[in-house]
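Contents: one structure, followed by commentary.
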Amino acid sequence: MAGSGRIAVAVDGDGTGFPSPGDVAEWLEALGVRRWVPGRTEHAPSPAHLTSASVGAMVLAVRHVCHDRGAAATRPVRKGRAAPADLVTGEFAPEVVTASLLATARYAVAVRASWVQVELGTLPAAREAQHGGVGLAALDRVCRILHEVLRQVPEVGVALLTPRARDDFGRPDELAAIFEDLGKRRRIAYWHDAGRAHAIAAAGGGLATEWLSRLGALCAGVDACDALGKIDGLPAGAGEIDFVELRSAVGNAVPFVARVEPFGGPGPLLGAVRHLRGLGL
């Protein structure tokens, strides 16, 4: 949701564990959405705490979860192993990872989503040969996978997420290198997670503002998770992030999405929505 009254909805999965399009349609209807097509949405009357009279186009995103971390992961894997959705580790063949991400992208098309949000994954403990702080082997692998997905499913955009932890692939210089490699002709963007950036900074992983200062012009959305020190995933208003200041770092058209990780039911989420609306976001 954004200050303009727009609604943003995210659906999480790993290429196989998504809800049916029918379920998604029911959720959208509960939010007041009668029908949705790319770039245009019609809305029915809905609860005032979720929408407003000025509701415009809706942003629907599908999140491609790559880690077995917390409640967001949907595929059980052996301890210490990343799910095949992970783009970075090299533990799974690139074609396996590509197939997983392609499944997510095709699902996104089926539910008429605007974006696939992609978590890149956990780099091996020893970052391989570096160039300007970027792991060259990981960079090449990620770019090849993303290139193939964007080539086969051009109908949906790919938005690269802020990493979950300081040692994950996806630092600002690494994401910038991906954008440079793939060029401007493809529909690829950055999706900022405020809580993750804050927690990484608290853990000594750089400035929380660095992602948006480097990539703000490419930002397609902001997950308005809050954070207290190294603890992220909190509902907006439960931590120490200044979301008004954060809004000034991105364009007014960029949606702010209320999110809680792990999801603890509708109460905290609706509380986050009210908090963001109270700030005029």
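Below, each value reflects all heavy atoms present in this structure, side chains not excepted, and no hydrogens, waters or symmetry copies.
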**Prompt:** So, does R164 use its side chain to make a donor-acceptor pair with the main chain of E119 at under 3.5 Å?
**Reply:** no
**Request:** Drop me the distance from I178's CD1 to D181's CG, to the nearest 0.5 angstrom.
**Result:** 8.5 Å
**Prompt:** Would R171 and E174 count as a side-chain contact (heavy atoms from CB on, under 4.5 Å) if you check the C-alpha gap in whole Å, the side-chain angles of each, and the deciding distance to 0.1 Å?
**Reply:** CA-CA 5 Å; R171 297 182 301 194; E174 293 164 341; 3.4 Å; yes
**Prompt:** A224: what forms a side-chain contact (heavy atoms from CB on, under 4.5 Å) with it, not counting sequence neighbours?
**Reply:** F243, F256, L276
**Steps toward side-chain contact (heavy atoms from CB on, under 4.5 Å) verdict (R259, R63)** = CA-CA 12 Å; R259 188 179 183 89; R63 174 170 291 205; 3.3 Å; yes
**Message:** Using every non-hydrogen atom in the two residues, find where I200 and P163 come nearest and quote the distance to one decimal.
**Reply:** CD1-O, 3.5 Å
**Asked** Looking at side-chain heavy atoms only, is the closest gap between W191 and V257 below 4.5 Å?
**Response** yes
**Complete:** Connected to L228, directly or through other members, by ILVMFWY side-chain contacts below 4.5 Å are I231, L234
**Request:** To the nearest 0.5 angstrom, please state how far the CZ atom of R187 sits from the CD atom of E155.
**Result:** 10.0 Å
**Request:** Give the C-alpha distance, both sets of side-chain angles, the deciding distance and a yes or no for side-chain contact (heavy atoms from CB on, under 4.5 Å) between L175 and L120.
**Result:** CA-CA 10 Å; L175 293 182; L120 295 178; 3.7 Å; yes
**Request:** Find the distance between CG (L101) and CG (L150) and round it off to the nearest 0.5 Å.
**Result:** 8.5 Å
**Item:** Separation of W115 CH2 from I188 CD1 (nearest 0.5 Å)
**Value:** 9.0 Å
**Prompt:** If every non-hydrogen atom of V149 is compared with every non-hydrogen atom of A105, which pair is closest and at what distance?
**Reply:** CG1-CB, 4.1 Å
**Complete:** NE2 (H147) and OG1 (T98) are apart, to the nearest 0.5 Å, by 11.0 Å
**Fill in**
CG (D242) and CZ (R247) are apart, to the nearest 0.5 Å, by 13.0 Å
**Message:** Run R141 and V97 through side-chain contact (heavy atoms from CB on, under 4.5 Å) and show every step you take.
**Reply:** CA-CA 10 Å; R141 175 183 168 93; V97 181; 3.4 Å; yes
**Message:** Please check this pair: side chain of D223 against backbone of C225, looking for a donor-acceptor N/O pair closer than 3.5 Å.
**Reply:** no
**Request:** For D140, check salt bridge (Lys or Arg N to Asp or Glu O under 4.0 Å) against everything at least two apart and list the hits.
**Result:** R144
**Request:** Could you list the residues that satisfy salt bridge (Lys or Arg N to Asp or Glu O under 4.0 Å) with D226, not counting sequence neighbours?
**Result:** none
**Asked** Taking only residues two or more places apart in sequence, or in another chain, which ones meet A227 in a side-chain contact (heavy atoms from CB on, under 4.5 Å)?
**Response** H198, D232, I241
Ignoring hydrogens and angles, write down the donor-acceptor pairs under 3.5 Å from the side chains of residues 203-222, residues two or more places apart or on other chains.
from, atom 1, to, atom 2, distance (Å)
W211, NE1, G170, O, 3.0
S213, OG, T209, O, 3.2
S213, OG, E210, O, 2.9

**Request:** Under the side-chain contact (heavy atoms from CB on, under 4.5 Å) rule, collect the residues that match up with E180, sequence neighbours excluded.
**Result:** none
**Request:** Give a yes or no answer on whether the side chain of Q117 reaches the backbone of L160 with a donor-acceptor pair at less than 3.5 Å.
**Result:** no
**Message:** Among residues at least two apart in sequence or on other chains, which ones pass side-chain hydrogen bond (donor to acceptor under 3.5 Å, both in side chains) with Y190?
**Reply:** T162, H192
